There are 2 protein chains.
Amino acid sequence: MRRLNLKKGEIIQRPGDLNSKVYHVVRGLLRSYTIDAKGKEHIFMFGPEGWVVADNSPVEVPVDLFIDALEDTIVRVVEKDLAKETPNVAPLMRRISVLQKRVILLMSASAIERYEHFEQTYPDILQRVPQKMIASYLGMTPEALSKVKRNRLRKK
Amino acid sequence: MRRLNLKKGEIIQRPGDLNSKVYHVVRGLLRSYTIDAKGKEHIFMFGPEGWVVADNSPVEVPVDLFIDALEDTIVRVVEKDLAKETPNVAPLMRRISVLQKRVILLMSASAIERYEHFEQTYPDILQRVPQKMIASYLGMTPEALSKVKRNRLRKK
DNA sequence: ACTATACATTAACCTAGATTAAGAAATGTA
DNA sequence: TACATTTCTTAATCTAGGTTAATGTATAGT
């Protein structure tokens with residue numbers, strides 16, 4: 001069970017990589033993301049201390065996410081097949097539950113609603129990453145997020 | 001491990017239900033969905049034979065999805081905490097992987113692209129459910145889906 | 001402290017998809 | 001067969017959010 005010290009900006013996984021690992025964040029902040037056909041970046045998740053970041057695909061298929069460090073970060077690296085032998089079901093169920101909520105939000109909620117949900121759910125991360133990344137995570141442009149926040153202020 | 005015979009249209013789980021179960025579809029077709037604040041229905045997943053349908057939340061928290069039968073359906077019902085003791089990690093990972101793809105599609109793909117992805121991934125289900133349900137699953141209105149298909153034909 | 005680069009905001013304009021409403025097909029049911 | 005109900009399509013209109021581009025404001029590196 002290796003440890004790894006990452007400098008801000010370091011990329012530790014790229015789409016296409018085989019035998020990807022599972023990363024337990026000890027300190028710092030990871031993120032996973034894709035880049036689509038038009039070259040646009042879409043953040044899939046943020047991983048602050050205590051979180052587990054991984055591309056949950058079967059061991060043998062290539063991953064489709066980048067993972068990099070948004071701050072200087074320390075991670076514990078676990079081989080994916082090894083992780084399978086210590087089957088900790090609870091965190092997997094939690095992840096599914098979170099993803100379920102995210103899908104439903106993406107399908108049914110407006111930009112403002114999605115932002116306010118994020119605000120309540122991850123107030124910490126809001127402070128730690130640039131707003132354009134929040135926008136990317138929420139599936140909107142930085143300009144749209146800017147507009148949304150301004151309109152909310154006007155109403156109060 | 002009970003068995004259950006459902007008639008088309010039967011609802012077996014409602015938002016707020018506690019101690020929800022895990023449903024293994026033996027024959028037929030289930031679906032899970034929410035109804036949002038504006039009364040609009042959003043289909044979260046379809047569960048044809050061989051699939052497992054459940055609201056993957058911790059046992060003790062109330063679920064937030066409806067589950068009903070789109071066809072006459074036979075299911076095997078498993079208690080959730082029991083399912084936890086037979087920790088079958090592989091299907092959970094698969095589900096996460098599918099949800100990951102879905103989130104990324106919702107964030108980055110247009111209506112047409114989402115539809116074509118569905119067509120390729122679940123050609124079977126496309127035949128079995130009304131189009132408005134496909135639209136709901138894809139996060140768009142039936143009208144939008146209709147338009148999308150027409151425009152695609154024009155181009156060919 | 002100076003410059004460069006990344007980030008945030010604003011505004012004008014545009015477009016995908018929502019909404020509304022009506023009619024046409026299909027499907028179910030007596 | 002006829003009638004009702006649900007589903008699908010079309011068209012007109014509207015709007016949230018995307019795009020582009022300019023300006024302002026931090027932040028970082030030397």
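On a predicted model such as this, the values are computed, not experimentally measured, just so you know. Just the heavy atoms: all of them, side chains too, but no hydrogens, waters or symmetry mates, feed the values below. Each chain gets a letter, A, B and so on, in the order its sequence line appears, and its residues count up from 1.
Screening A:Arg27, A:Arg128, A:Arg76 for a salt bridge (charged side-chain N to carboxylate O under 4.0 Å, His left out) with A:Glu49, the sole residue that qualifies is A:Arg128.
Without hydrogens or angle criteria, A:Glu116 side chain to A:Glu113 main chain gives no donor-acceptor distance under 3.5 Å. Remark: side-chain polar atoms of A:Asp17 are not paired, donor with acceptor, to backbone N or O of A:Ser20 under 3.5 angstrom. Formation of a donor-acceptor pair under 3.5 Å by the A:Ser97 side chain with backbone atoms of A:Met93 is not found in this model. Checked by atom type and distance alone, the side chain of B:Asn56 never pairs as donor or acceptor with a backbone atom of A:Ile96 at under 3.5 Å.
Across the protein-nucleic acid pair, B:Leu138 atom CG and C:dG17 atom P stand 11 Å apart, rounded to whole Å. One atom, CE of B:Met133, and another, C1' of D:dC8, lie 14 Å apart when rounded to the nearest Å. Summarising the geometry, the separation between CG on B:Asp36 and C1' on C:dA18 is reported as 13 Å, rounded to the nearest angstrom. Straight-line distance from the CD1 atom of B:Ile112 to the C1' atom of C:dT15: 12 Å, rounded to whole Å. Atom-to-atom, CD1 of A:Ile134 to P of C:dC7 comes out at 13 Å; the value is rounded to the nearest Å. For the pair B:Leu70 CG and D:dT6 P, the interatomic distance rounds to 15 Å; values are reported in whole Å. The interatomic distance linking A:Gln131 (CD) with D:dA26 (C1') rounds to 13 Å, in whole Å. A:Asp72 places its CG atom 12 Å from the P atom of D:dA28, with the value rounded to the nearest Å.
Seen from the ring of B:Tyr137, B:Arg102 counts as a face-on cation partner, given the 6.0 Å and 45° thresholds. Taking the ring axis of A:Phe66 as reference, the NZ or CZ atom of A:Arg31 does not stay both within 45° of it and closer than 6.0 Å to the ring centre.
Candidate nucleotides D:dG17, D:dT7, C:dA8 were compared by shortest atom distance to the side chain of A:Lys132, and C:dA8 ranks first. Side-chain atoms of A:Arg150 lie closest to C:dA11 of the nucleotides D:dG17, C:dT19, C:dA11.
Here A:Lys40 reaches the OP1 or OP2 of D:dT19: one of its side-chain N or O atoms lies under 4.0 Å away.
Proximity of residues 140-147 of chain B to DNA chain D (heavy atom under 4.0 angstrom from any strand atom) is restricted to B:Glu143, B:Ser146.
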